[in-house]
Amino acid sequence: MPEPVLLRHVREPDQADIHGYERRGGYTGLRRALRELSPEQVTDLVDRAQLRGRGGAGFPTGRKWKFVPKDAPVKYLVVNADEGEPGTFKDRTLLEGDPHLLVEGIALAAYANGVRTAYVYMRREFYQARRQLEKAIAQAYERGYLGQGILGTDFSLDVYVHPGAGAYIAGEETALLESLEGKRAMPRLKPPYFPAVMGLYNKPTVLNNVETLCCVPWIIREGPEWWLEQGPPQLYSVSGHVNSPQVVEAPLGTTARELIERAGGMRGGRRVKAFYPGGTSSRPLPARHLDVPLRHEELAKLGSMLGSAAVIVMDETTDMVKVIARVCEFYREESCGKCTPCREGTVWVTQILDRILHGRGRPEDLDLLASLARNMTGTCFCPLGESVPPSLRAGLEDFRDEFEAYIRAAREPVQMPVRLHLGAPAPGG
Amino acid sequence: MLSEGAKREIGALRARYPVAQSALLPALLRVQEELGWVPPEAMAEVGRLLDLPVEVVAEVASFYSLIFTEPVGRHVVQVCTNVSCLLSGAEAVRERVERELGVRAGQTTPDRRVTLLAVECLAACDQAPCMLVDERRYGPLTPEAAARLVRELD
Ligand SMILES: Cc1cc2nc3c(=O)[nH]c(=O)nc-3n(C[C@H](O)[C@H](O)[C@H](O)COP(=O)(O)O)c2cc1C
Ligand code: SF4
Ligand code: FES
């Protein structure tokens with residue numbers, strides 16, 4: 001197993017301080033870029049490292065940067081630090097433990113794209129992360145890594161942290177831009193509103209996830225070949241029924257079985273029933289897929305996705321009906337209401353799941369859920385609504401017996417127990 | 001209604017953006033830090049400071065769950081109830097805290113000490129089950145530890 005890269009220094013107590021960060025090689029990537037590389041060369045290195053976005057969509061970062069028109073007089077960089085996908089906590093880990101890594105990544109991305117103003121859109125609940133990042137930004141200004149004439153060149157950059165206010169949909173890139181403009185976080189139509197060409201204030205905008213930008217200093221410092229030899233490094237947020245839930249850095253394509261091992265194994269030595277490979281928007285997979293490499297291509301073949309690489313592990317005691325109902329409820333709560341299939345579909349789906357859970361399910365409910373899943377596929381305005389069918393499909397195809405058991409019990413005169421066991425409590429819980 | 005300090009800060013926030021409306025969320029949150037919530041008169045004042053009609057301010061404010069357009073308690077407790085926390089006993093934590101406070105999630109204690117919210121994933125599933133007490137995060141919690149934390153709030 002190669003030495004971790006992205007997490008290498010997050011636990012050093014002085015890593016969030018600029019002296020600690022510099023002592024461990026920090027800002028050498030930025031120095032190198034400003035001394036030796038043109039903006040285009042920085043983008044080329046990122047491209048050659050085959051870096052793909054870590055926010056959820058997995059879009060190649062170098063290619064995204066090349067869409068940004070070179071000659072536009074005003075462009076923006078926006079960092080997505082909204083981290084709302086259930087099960088995901090790697091951006092927070094980076095922000096709290098190594099905030100200068102993000103500041104250096106921002107500076108490099110801004111240099112590569114000819115940007116002078118950057119906004120970090122950060123969810124409100126990240127109080128600690130925000131303090132860490134704001135301190136890092138202030139230190140970087142003092143040391144001349146941000147501000148006017150950075151390191152004696154004619155490159156200038158201002159960075160601001162902008163708070164969100166409690167809306168998962170604001171993590172979707174066009175909704176984020178609406179929110180940053182002081183409006184309701186509702187997605188924009190693509191095209192024409194591709195951020196790279198028509199983004200913040202309708203100006204070309206580079207929009208990247210925190211982890212994506214944290215990869216960039218390493219790529220510039222050590223080169224794309226080195227980066228690829230390291231895996232490439234990928235952060236997996238591993239949580240649920242494992243002994244020590246944590247962010248695991250592992251080569252892209254590591255299996256769930258290995259990740260569970262790295263997270264201390266299963267609680268109580270129980271067996272795995274299922275896992276979400278990429279947050280609750282991905283299709284959960286039954287245990288027979290524990291040895292599938294968690295990579296974009298393999299997961300797509302299974303009708304799932306790598307998404308934000310949030311691996312939520314569920315053991316054999318888990319009530320999948322309850323989990324899936326909770327997941328659908330999340331999307332109902334967070335639907336922005338702009339389009340009908342999502343706004344109404346999430347309400348219907350959760351109503352049916354709720355009645356199944358409460359012993360009032362009907363035999364025809366499973367067909368109803370299947371048809372709702374079909375009707376919500378390819379019809380929603382943005383991917384939030386499309387996040388419901390994968391869980392439903394898994395429920396109906398891979399865990400159908402659990403749904404049927406609820407419905408059978410409902411038709412029998414015996415009352416269902418009201419409280420259902422949902423897996424083992426936390427250590428000590 | 002707003003302090004001079006808050007007005008000054010909202011002015012400074014405005015200068016960070018080429019368009020004043022961008023300062024709206026940060027401004028509302030600044031108001032909330034001072035008053036605990038955003039009453040209608042404060043919305044009007046923010047509107048004046050940012051040259052926005054009060055209707056726009058109200059419409060935007062109502063979209064976001066962490067802009068409080070009704071009074072809240074002196075403390076806001078947010079218990080995560082999303083999947084990773086649920087798998088680790090979040091229901092028991094939430095029920096125990098509800099019993100301790102004598103209110104359900106979404107309500108405020110009659111003495112206005114605590115508002116309890118059941119919230120979605122806090123991006124801290126490594127600390128599941130977890131909760132935020134004002135600006136501090138706690139986890140992994142036992143129901144008893146959670147009850148003690150809310151009991152000790154003044
Ligand atoms: C409903 C929804 C929520 C999202 N939430 C986030 C988020 O919290 N953080 C994030 O980085 N990307 C999120 N995304 C993905 C963004 O739209 C976007 O693809 C990403 O930030 C681009 O950065 P990247 O290319 O570096 O991954 C979300 C997408 C959707 C549809
Ligand atoms: S799919 Fe849902 S979240 Fe997305 S635009 Fe439609 S209603 Fe809004
Ligand atoms: S599910 Fe509770 S913090 Fe993520």
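So you know, we letter chains A, B, ... as the sequences are listed, proteins then strands, and number each from 1.
Proximity to chain B is limited to the side chain of Phe126(A), based on heavy atoms less than 4.5 angstrom apart. Of the atoms belonging to Ser237(A), not a single heavy atom falls under 4.5 Å from chain B. Only the side chain of Leu132(B) comes within contact range of chain A, with heavy atoms under 4.5 Å apart. Heavy atoms of Ile169(A) lying under 4.5 Å from chain B belong exclusively to its side chain. For Thr88(A), the part lying near chain B is the backbone, with the side chain staying farther off; criterion is any non-hydrogen pair under 4.5 Å. Contacts of Glu59(B) with chain A are made by both backbone and side-chain atoms, with heavy-atom separations under 4.5 Å. Looking at Val313(A), only its backbone comes within 4.5 Å of chain B, counting heavy atoms on both sides. Heavy atoms of Arg136(B) lying under 4.5 Å from chain A are absent altogether. If you measure heavy-atom distances from Ile312(A) to chain B, the contacts under 4.5 Å come from the side chain alone. With a threshold of 4.5 angstrom between heavy atoms, Phe330(A) approaches chain B through its backbone and through its side chain.
Of all the listed residues (Glu96(A), Lys90(A), Met314(A)), the one sharing the greatest number of non-hydrogen pairs under 4.5 Å with chain B is Glu96(A). No other option in Gly240(A), Pro163(A), Ala167(A) has as many heavy-atom pairs under 4.5 Å with chain B as Pro163(A). Annotation: maximal heavy-atom pairing with chain B below 4.5 Å, among Arg123(A), Glu85(A), Glu329(A), occurs at Arg123(A). Interface remark: of the candidates Ala27(B), Ser84(B), Ala20(B), Ala23(B), Ser84(B) forms the most heavy-atom pairs closer than 4.5 Å to chain A. When Val119(B), Thr81(B), Leu24(B), Val56(B) are compared by the number of non-hydrogen pairs under 4.5 Å with chain A, Thr81(B) comes out ahead. With chain B as the partner, the residue from Pro86(A), Ala185(A), Gly337(A) showing the most heavy-atom pairs under 4.5 Å is Ala185(A). Per-residue counts of heavy-atom pairs under 4.5 Å with chain A were compared for Leu25(B), Val57(B), Leu13(B), Leu28(B); the largest is that of Leu25(B). Note: Arg326(A) leads Glu125(A), Gln246(A), Arg326(A), Gln128(A) in heavy-atom pairs under 4.5 Å with chain B.
Remark: side-chain polar atoms of Ser335(A) are not paired, donor with acceptor, to backbone N or O of Arg332(A) under 3.5 angstrom. In this structure, the side chain of Glu316(A) does not engage the main chain of Arg270(A) through any donor-acceptor pair within 3.5 Å. Proximity of a side-chain donor or acceptor of His241(A) to a complementary backbone N or O of Asp315(A) within less than 3.5 Å is detected. Here the side chain of Tyr141(A) pairs a donor or acceptor atom with the backbone of Val159(A) at under 3.5 angstrom. Using a distance-only test at 3.5 Å, with no hydrogens or angles considered, no donor-acceptor pair links the side chain of Asp82(A) to the main chain of Gly84(A).
Between the CG atom in Leu50(B) and the CG atom in Leu52(B) there is a gap of 5.5 Å [rounded to 0.5 Å]. Taken from CG in Leu87(B) to CZ in Arg267(A), the straight-line distance is 8.0 Å, to the nearest 0.5 Å.
The one candidate from Glu45(B), Arg30(B), Arg48(B) that meets the side-chain contact (heavy atoms from CB on, under 4.5 Å) condition with Lys7(B) is Glu45(B).
In this pair, Tyr17(B) and Tyr119(A) present their aromatic rings parallel. The plane angle is below 30°, not in the 30 to 60° band.
Between Glu33(B) and Arg124(A) a salt bridge is recorded (basic side-chain N to carboxylate O distance below 4.0 Å).
Minimum interatomic distance between Gln107(B) and Arg104(B) (heavy atoms only, all atoms of both residues): OE1-N, 2.7 Å.
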